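Some notes on the structure that comes next.
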Amino acid sequence: MKTTAVIMAGGRGERFWPKSRNSRPKQFLSLTKDGETMIQKTVRRLLPLVEMEDIFIVTNSAYIGLVHDQLPDIPKENILAEPCARNTAPCIAFAAAVISRKYEDAVMLVLPSDHLISYEELYVSTLKKAIAVGTAGKNLVTIGITPAYPETGYGYINFSSRTAEGNYDAYEVARFVEKPDLPTAKEYLASGKYLWNSGMFVWKISSIMENFRELMPEVYSGAVKIGEAFGTDSFNDVLQREFSAFPSESIDFGIMEKAQNIYTIPGSFGWDDVGSWLAVERINDVDDDKNYIEGDVISVGSERTTICGGKRLIAAVGVEDIIIVDTDDAVLICSKNNTQDVKKVIAKLNEQGRTNLV
C-alpha cells in the first residue's frame, strides 16, 4: 500500500515572537545553526519512507509562497491552502479527501511541521512500526513520547498493557488526558503508563474517513465535496464554502477520544516540540555557563541565558535565567519562567493596533 504524509503547517508560532511573525511563522524559521528550517527538516527526515510526490503540506493560504520557496520539490498540487483556521480535525479531513482522489486507499502519516528529532533512524523505525499497525484492520495509531520529566505543558496518553494483535510495540490507548498540574505530572511519570501526546498519527485513509463519517459527519460530508471538486474549476469555491462551515475542532477531541481501535507506540528518538524559547538551549549547544549565544553578543558573568542577537551588539552583564531576542524592529526580554506569556505581548500589540509588529 502506498505511504503518504500530511504535514500540518498552518500555525502562527506566537510563542517565538519576535522572530516568528504572521508573515513568517516558526515552521519557516531555522532555530538551529545548520540553517535548515523546521519544515525542511520535517520533509527531509520522511524521505526514507515517503516519495516526495506523496508528501502533502496543509497550510494557511498566506504561506503558499513560503512553502514553494522552501520546498521547491513538493508538487504544487500537493500544497493545500486552508481558507481559514479550523484546527486539526478539518485539516486532516481535507487532506485525506484530496489524497483519496489520487489513491483509492493509502497509509497516511500526519505530522506537525515544527518538531525536531535528534535520532532520525529511530524515528523512521518507529514510524515503520506504526505503519504496520495502521495497515492492520481499521486501527488508528498515535506516536507517544516516553516522558523524560514531569512536563505540565503537554497532553498525555494513558496506555494499557494490552497490545495490538501481532505487534507488541503498540499498546491500546486507555484515554487521552489534558495538560496536568505538576503533582499529577509527577504521578504520570512514576506510573510508567503515560506518554507525552506528540500529535503524530498513522492510519489508512479509509480508516480515518470512516471515523469522520461516524463521529464528525458534518466534516465528513464537507470533506467529500472538497475532494470531489479537487482539480476542477469549482474547487476554490467549494473549498471556501465547505471548509469555512467546519467546526474548529482538534483531531484528539473530535476523533481519537471517541473512536475504537486506538493504539499508541512509544517513541524515544529525541523529540522536541520546540514550543517556546526555552527549547533553543535544549536543541543547540550551550557554553560552560549554560548560555546559548547567537549573533554579536558579549556575555560577562551571565548564566543560563539564551541570547539571539541581530544587527546590534548585545552586552549581557551578570544576568541569569533570561531570554533576549533582538530583531530589526523589536526586542524581547523574558524570564525563563514566563515564556508561555510571550503570546500576551502579541495580544497587547493587537489591542494597540500595532499589527505591523505581529
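Numbers here simply count residues along the sequence, with the first being 1. The structure displayed is predicted, hence computed values, not measured ones.
Distance alone, capped at 3.5 Å, places no donor-acceptor pair between the Thr339 side chain and the Ser276 backbone. Distance alone, capped at 3.5 Å, is enough to place a donor-acceptor pair between the Thr142 side chain and the Met200 backbone. For Ser244 (side chain) and Arg241 (main-chain N/O), no donor-acceptor pair under 3.5 Å exists by modelled atom type. A distance-only check finds a donor-acceptor pair linking the side chain of Thr126 to the backbone of Leu122 [under 3.5 Å]. In this structure, the side chain of Asn284 engages the main chain of Leu31 through a donor-acceptor pair within 3.5 Å. Side chain of Thr88 to main chain of Ile251: a donor-acceptor pair is present (N/O by atom type, distance under 3.5 Å, no hydrogens or angles). Here the side chain of Ser207 pairs no donor or acceptor atom with the backbone of Leu140 at under 3.5 angstrom. Here the side chain of Trp277 pairs a donor or acceptor atom with the backbone of Trp17 at under 3.5 angstrom. The backbone N or O of Asn291 sits nowhere less than 3.5 Å from a side-chain atom of Asp289 that would complete a donor-acceptor pair. In terms of modelled atom types and a separation under 3.5 Å, the side chain of Arg15 and the main chain of Lys343 share no donor-acceptor contact.
Put simply, Val98 and Phe246 are part of the same group of oily side chains (I, L, V, M, F, W, Y) that touch within less than 4.5 Å, one to the next. Residues Phe176 and Phe201 are members of one and the same hydrophobic cluster, defined by side-chain heavy-atom contacts under 4.5 angstrom among Ile, Leu, Val, Met, Phe, Trp and Tyr. The cluster map of Ile, Leu, Val, Met, Phe, Trp and Tyr, joined by side-chain heavy atoms under 4.5 Å apart, puts Ile208 and Leu111 in different clusters. Both Leu109 and Ile265 belong to a single network of hydrophobic side chains, linked directly or stepwise wherever heavy atoms of I, L, V, M, F, W or Y lie under 4.5 Å apart. Linking ILVMFWY side-chain heavy atoms closer than 4.5 Å, directly or via other members, places Met8 and Phe94 in a single hydrophobic cluster.
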Check the pair Thr135, Val107 against side chain to side chain contact (heavy atoms under 4.5 Å, CB included), reporting the backbone distance first and the verdict last. CA-CA 7 Å; Thr135 53; Val107 176; 3.3 Å; yes
Evaluate the criterion side chain to side chain contact (heavy atoms under 4.5 Å, CB included) for residue pair Val173 and Met256; output intermediate values, then yes/no. CA-CA 9 Å; Val173 171; Met256 301 299 284; over 6 Å; no
Give the C-alpha distance, both sets of side-chain angles, the deciding distance and a yes or no for side chain to side chain contact (heavy atoms under 4.5 Å, CB included) between Lys193 and Asn158. CA-CA 6 Å; Lys193 290 295 183 180; Asn158 177 211; 3.9 Å; yes
Run the salt bridge (Lys or Arg N to Asp or Glu O under 4.0 Å) test on Lys19 and Glu294 for me, step by step, so that the C-alpha distance in whole Å, both residues' side-chain angles and the decisive distance to 0.1 Å come before the verdict. CA-CA 13 Å; Lys19 282 200 171 184; Glu294 175 186 309; 3.0 Å; yes
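For the pair Ser206 and Asp105, the tightest heavy-atom approach, listed with the atom from each and the gap, is OG-OD2, 2.7 Å. In terms of heavy atoms, Tyr119 sits closest to Gly270 at CD1-N, 3.6 Å. Smallest separation of non-hydrogen atoms from Lys179 and Thr152: CB-O, 3.4 Å. Residues Met209 and Tyr220 approach most closely at O-CD1, 3.4 Å, considering heavy atoms. Between Leu116 and Met38, the closest heavy-atom pair is CG-CE, 4.0 Å. For Glu228 against Arg101, the heavy-atom pair with the smallest separation is O-NH2, 3.5 Å.
The closest side-chain donor-acceptor pair between Ser250 and Asp252, if any, does not fall under 3.5 angstrom. In this structure, a donor-acceptor pair under 3.5 Å is present between the side chains of Asp181 and Thr184.
Using a 4.5 Å cut-off on side-chain heavy atoms (C-beta onward), Ile79 and Ile74 make contact. Looking at heavy atoms from C-beta onward, Tyr63 lies out of side-chain contact with Ile39 at the 4.5 angstrom threshold. In this structure, the side chains of Ile226 and Phe235 come closer than 4.5 Å at one or more pairs of heavy atoms. Contact check for Val280 versus Phe16: side-chain heavy atoms found under the 4.5 Å cut-off. Residues Thr42 and Gln27 fail the side-chain proximity criterion, which asks for heavy atoms closer than 4.5 Å. In this structure, the side chains of Tyr194 and Arg175 come closer than 4.5 Å at one or more pairs of heavy atoms. Side-chain contact between Cys334 and Val342 is present, with heavy atoms from C-beta onward closer than 4.5 Å. With contacts defined as side-chain heavy-atom distances shorter than 4.5 Å, the pair Leu278/Lys336 qualifies.
Salt bridge Asp285/Lys33: absent, no basic N to carboxylate O contact under 4.0 Å. Between Lys258 and Glu249 there is no salt bridge, since none of the side-chain N atoms of the basic residue sits less than 4.0 Å from a carboxylate O of the acidic one. Under a 4.0 Å N-O distance rule, the pair Glu303/Lys290 does not qualify as a salt bridge.
Below 30°, between 30° and 60°, or above 60°: for Tyr156 and Trp196 the angle between ring planes is above 60°, a perpendicular geometry. Trp271 and His115 have perpendicular rings, their planes meeting at more than 60° on a 0 to 90° scale where under 30° would count as parallel.
With a 6.0 Å radius and a threshold of 12 heavy atoms from other residues, nucleotides or ligands, Arg44 has its CZ atom above the threshold.
Relative to the ring axis of Phe243, Lys225 does not place its NZ or CZ within 45° and under 6.0 Å from the centre.
In terms of the salt bridge (Lys or Arg N to Asp or Glu O under 4.0 Å) criterion, residue partners of Lys138 (sequence neighbours excluded) are, by chain and number, Glu210.
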